[in-house]
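Note on naming: letters A, B, ... go to the chains in the order of the sequence lines (proteins, then strands), and numbering restarts at 1 for each one.
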Amino acid sequence: MRRQLLYSILALAVLALAVVPIGVAVFVLGFAYGDSPCVMCWEQRIGMALVALIGLFVIRYGPKPKYIGLAVLVAIWGVFMGIRHTGMHAARDVGQGFSAEILGAHTYTWALLIYWVAVALMGLLLMMTNKEDIEERPRPLGALGTLAGVVFLVVIAANVVQAFASTGPPPFMGQGDPVRFSFSPKHWVWSLEEWSPAPISLRGRWSIDKPGVDGLPGGPGPIANAPTATMLREAKIGFQLAGTPTDLAYDAASSQFLITTEHGVYLADDTLSKVNRYTVVDAGYSVDLGRFAGAAFLDKGAVLAVGENKSFVVLQPTDKADANANFKYFLESFDRFDEKARSRFGTVRARMMYIMSAAYDPASNSVYTVTVPNNKVKRLVVSRFDRADMTLSEEFTPTLAADAGLTLAGKQTLNDFYVTGATIADGNMYAISAAFSTLLTIDLRAREVTAARAVPGVVRPVGLAARQDELHILGEDGRVWVVAR
Amino acid sequence: MEFLNLVVILVTGYLVLRKPHKERLAFGLLVFSVLFMVFLFSVATRTGLLPGVNY
């Protein structure tokens, strides 16, 4: 009785799998509505067919370990395929995706659920199975098992027809963007595109190197005729930092410099000789802040530290901080700042790039970041985030101003610059590029590079601050080069 | 290639239903079909074998 119940449940599961996802996909979505599976959809559909087929094996030959084991392997591979496929579209705007929807969800997302249910069902059946259920010889299928088997064959036969029309005989293979299904051979497209040579990678376009100033090119940069900046003096930070500095900012209202290290935030006097207050942020709490790469003073004395991954923290200097309440935010110096916000800047054009600079513009009440090129994407993108909601409000790739009198050298472009420090004054962004030691002036309204100056002698710059008519360039070794703005 | 794999699945299903004594052959075809599916999916995703999301 129990054994018969088990086989009946299994036959119903095979029937459901054959009819609902696979049958509906071929007869309704395919033959009726002209939907064609992409190459990944095909493999997900085939995986479901294989789970159903293994169900028929169990109905016929009993729950042998090799069948159950193979079914589990196919189902977890199916879960992986579902994640891999859904991952391509999961972060898009609401409603966007690929191909048809079923009950408000795109077809490939249903694969995740179906395979997950298959694994869960197999676990349940295994728990209900005893040693004596193992059959010595093939058993009769019974009415329900036969029905499941016949329906399975009919559905697979229909899929064979659709696969022949949509993907063709070997060596033709499914396509990334298939044309809609048609019974007319005139509309069939058989493709070998998936066999074309392509680099093999685990993470693909998401495999992006972390930014840094190691190994950057020097010498003449993309701008052939950049004049040399007027060097006023050279100084050095007069106190010890825990780690190497990563950015610099200046606040005229409080006459203070802001310096960041990997996770440290320092407020120093305007001669960079004394620390007024500091803290070390717990970069692993709630948001992975990464390594601080940008620093800026915001409104009302608040300070901003931005990680290279564009995650940020806003701190308010105060002498009334509750050290115990701040334990979760800081690793050192718990009573010198209050944390006001901790979140992430989201971008569009800069999405696949890290940043190494940040600046605040009081005129627009906005925070700016500038991208650095990487092993996958080489593009200079300036992003603006409204301070009110810290959300992306503008993004652009600056061009060379026609009246700047500057010319590009050879095949190099502005995208070759590697901006590691930025500051804003009088509507202009000043940006120091660690590659080619060049100081850029970007008109934020015109979105143009209006000036470029070579800064010879500057080594591994990581920060830039505007102080009156001066620009202070911070080096990774703590040296500060002061040039005329 | 998907066409070929589905034909193999169809034949395997037929063997299970109508020629149950050919269990070894059916299981061999089943394993081939599983490996073939894994291979084809890997070919299709070779430029990014892992899910294309933020890591």
With a 4.5 angstrom heavy-atom cut-off, could you sort out which part of [X] is near chain B: side chain, backbone, both or neither?
{"X": "V74(A)", "result": "side chain"}
{"X": "L202(A)", "result": "both"}
{"X": "L56(A)", "result": "both"}
{"X": "A91(A)", "result": "neither"}
{"X": "P170(A)", "result": "both"}

Heavy atoms only: give me the nearest [X]-[Y] pair and the separation to one decimal.
{"X": "P197(A)", "Y": "R46(B)", "result": "C-NH2, 4.4 Å"}
{"X": "L49(B)", "Y": "F80(A)", "result": "O-CZ, 3.3 Å"}
{"X": "I156(A)", "Y": "L6(B)", "result": "CG2-O, 3.6 Å"}
{"X": "L50(A)", "Y": "S33(B)", "result": "CD2-OG, 3.6 Å"}
{"X": "Y55(B)", "Y": "W206(A)", "result": "CD1-CB, 4.4 Å"}
{"X": "L50(B)", "Y": "R203(A)", "result": "CD1-CG, 4.2 Å"}

Any chance you could measure [X], atom [atom1], to [Y], atom [atom2], to the nearest 0.5 Å?
{"X": "F164(A)", "Y": "L4(B)", "atom1": "CZ", "atom2": "CG", "value": "12.0 Å"}
{"X": "L141(A)", "Y": "L17(B)", "atom1": "CG", "atom2": "CG", "value": "5.5 Å"}
{"X": "M1(B)", "Y": "E43(A)", "atom1": "CE", "atom2": "CD", "value": "10.0 Å"}
{"X": "W77(A)", "Y": "F41(B)", "atom1": "CH2", "atom2": "CZ", "value": "6.0 Å"}
{"X": "L40(B)", "Y": "I46(A)", "atom1": "CG", "atom2": "CD1", "value": "7.0 Å"}

>> What I'd like to find out is whether the side chain of F3(B) reaches to under 4.5 Å of the side chain of S166(A), using heavy atoms alone.
In response: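 Not touching, per the 4.5 Å side-chain cut-off.
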
> Would you say the side chain of V34(B) lies within less than 4.5 Å of the side chain of L73(A), judging by non-hydrogen atoms?
Replying inline: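 A side-chain contact is absent here, since even the closest heavy-atom pair is not under 4.5 Å.
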
> If you count heavy-atom pairs under 4.5 Å with chain B, which of Q162(A), K66(A), M352(A), H85(A) comes out on top?
Replying inline: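 The residue among Q162(A), K66(A), M352(A), H85(A) with the greatest pair count is K66(A).
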
Are the side chain of [X] and the backbone of [Y] linked by a donor-acceptor contact shorter than 3.5 Å?
{"X": "R205(A)", "Y": "T47(B)", "result": "no"}
{"X": "E2(B)", "Y": "G174(A)", "result": "yes"}
{"X": "R84(A)", "Y": "G48(B)", "result": "yes"}

>> Would you call the rings of F27(B) and F57(A) parallel, tilted or perpendicular, taking 30° and 60° as the class edges?
In response: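 Answer is perpendicular, since the angle exceeds 60°.
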
> When only pairs under 4.5 Å are counted, which of L15(B), N5(B), T45(B) shares the most heavy-atom pairs with chain A?
Replying inline: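 Greatest number of close heavy-atom pairs with chain A: T45(B).
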
>> Just so I understand: if I count every heavy-atom pair under 4.5 Å between each of V7(B), N54(B), T12(B) and chain A, which residue has the most?
In response: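 The candidate making the most pairs under 4.5 Å is N54(B).
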
